[in-house]
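Below is one structure, written out as structure tokens; the observations come after it.
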Amino acid sequence: MSPGMSLACESNIQNESIESEFQKGVKHLCERGIKSVPSKYILPVLDQPNSGKGISSASNSDLKLPVIDFAKLQGSNRSHAVNSLRKACEEFGFFQLVNHDIPRDVIENTVDVSKRFFELPFEERSKYMSTDMNSAVRYGTSFNQNKDAVFCWRDFLKLSCHHLSDVLPLWPSSPMDLRQAVINYSNNTKFLYQMLTEAILESLGLVDTSNNKKENDELEEFKDGSQLIVINCYPACPEPDLTLGMPPHSDYGLLTLLLQDEVEGLQIQHEGRWVTVESLPDSLVVNIGDHLEIFSNGIYKSVLHRVLVNPSKSRISIASLHSLPFNNVVQPSPKLIDEDNPRHYKDTDFASFLDYNSSCEPKKKSFLESRKLT
Ligand SMILES: O=C(O)CCC(=O)C(=O)O
Ligand SMILES: [Fe+2]
């Protein structure tokens, strides 16, 4: 072998071992004391958070997400709250949910145990690493670490909650209280999801509320859907202007309920601007996913959002993603289609979303775009 070839081999081996280090996640990288962002995480200038690209960042005082009071949605005279919900879903695709009734200790325990999970030694966390998108438990990094050319500044733990008795033994056994804390949290968010779904169907005019009857075939199907808990960890980043915690994306399912800690970072796209979502004490952030945009035949929008990282503080968020049962077909509600409002989307299902994700680098709303009828 010529000396030149041997050098080329060595640098390939070096590149491969650096690549495999990145696969271990951002927390692992930070624990090794980096002072700058490695090139693997540096976005092309136009995709960097402050590049503009025709979209400016609004400050918090500028614009706020609508606030929906869950207690009022549950009351007997709820038509005003249902109207506010409809407006929030039409105009923002996102809202803050207050008075949601999840006990404070359930929330605090979930955030606390999530932080402790990410503080475990890498060897313990890595037991749950899997590149299989269908795995019931998956510890990973970036957005789609099998495909992303540039990595984002996020590690995550995904826990499928469906069917709980089958998947629970697969969830991390350490920290010892993780399973119980996440079960409590997921039961609470499932209940909220079910109540919100009922109110959302009502806001679309799809539930017969006369005589206190709540009749709707879709309601039962929605209520019994799938649930995935995603715990996101965004370590403090030495150069936050060069990278993102999550790239602009929309969520695939029906509804996402998000708990963020006190560190802000989430931004949503609204009227051509990036709007920072305030961290309101005791609230949850709720957003419409692709499936609900399809089901509502485009009346409600699944909105692009992204996550900025912080120069000094690590951030935790916990997303509860709700969708239809795995094999169900998602289609625009026939009741929302008529001559004036033709069908805007093709049928889809969760499996085709996964296929799409495994076959290409997910870019922004491309899955939803692929379901649109022209
Ligand atoms: O961390 C956040 O604030 C947002 C997380 C998110 O968008 C997601 O998990 O899909
Ligand atoms: Fe999201």
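Whatever order the structure lists them in is the order used to number ligands and atoms, beginning at 1. Only heavy atoms go into these numbers, but all of them, side chains included; no hydrogens, no water, no symmetry mates.
- The Fe ion (ligand 2) has H249 NE2, D251 OD1, H305 NE2 as protein N, O or S atoms under 2.8 Å away.
- A salt bridge links R104 with D282: at least one charged nitrogen is closer than 4.0 Å to a carboxylate oxygen.
- With a 4.5 Å cut-off on side-chain heavy atoms, V82 and L73 count as touching.
- Salt bridge annotation for E119-K115: absent, with no cationic side-chain nitrogen under 4.0 angstrom from a carboxylate oxygen.
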For ligand 1, find each of its N or O atoms that sits under 3.5 Å from a protein N or O atom, and tabulate the pairs with distances to one decimal place.
residue: ligand 1; atom: 1 (O); partner: Y234; partner atom: OH; Å: 2.6
residue: ligand 1; atom: 1 (O); partner: R315; partner atom: NH1; Å: 3.1
residue: ligand 1; atom: 1 (O); partner: S317; partner atom: OG; Å: 2.6
residue: ligand 1; atom: 3 (O); partner: R315; partner atom: NH1; Å: 3.2
residue: ligand 1; atom: 3 (O); partner: R315; partner atom: NH2; Å: 2.9
residue: ligand 1; atom: 7 (O); partner: H249; partner atom: NE2; Å: 3.1
residue: ligand 1; atom: 7 (O); partner: H305; partner atom: NE2; Å: 3.1
residue: ligand 1; atom: 9 (O); partner: N232; partner atom: ND2; Å: 3.3
residue: ligand 1; atom: 10 (O); partner: H249; partner atom: NE2; Å: 3.2
residue: ligand 1; atom: 10 (O); partner: D251; partner atom: OD1; Å: 3.2

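- Residues satisfying the salt bridge (Lys or Arg N to Asp or Glu O under 4.0 Å) test with D347, not counting sequence neighbours, are R343.
- A salt bridge between D177 and R116 is present, with a side-chain N of the basic residue lying under 4.0 Å from a carboxylate O of the acidic one.
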Got a list of side-chain donor-acceptor pairs under 3.5 Å for residues 222-229, not counting sequence neighbours?
residue: K223; atom: NZ; partner: E198; partner atom: OE1; Å: 3.1
residue: S226; atom: OG; partner: L324; partner atom: O; Å: 3.2
residue: Q227; atom: NE2; partner: S186; partner atom: O; Å: 3.2
residue: Q227; atom: NE2; partner: T189; partner atom: OG1; Å: 3.1
residue: Q227; atom: NE2; partner: S320; partner atom: OG; Å: 3.0

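- Annotation: side chain of I102 is in contact with side chain of L284 (closest heavy-atom distance under 4.5 Å).
- A salt bridge does not link E202 with R86: every distance from a Lys NZ or Arg NE/NH1/NH2 to an Asp or Glu carboxylate oxygen is 4.0 Å or more.
- Counting only heavy atoms from C-beta outward, the side chains of T141 and F151 approach each other to under 4.5 Å.
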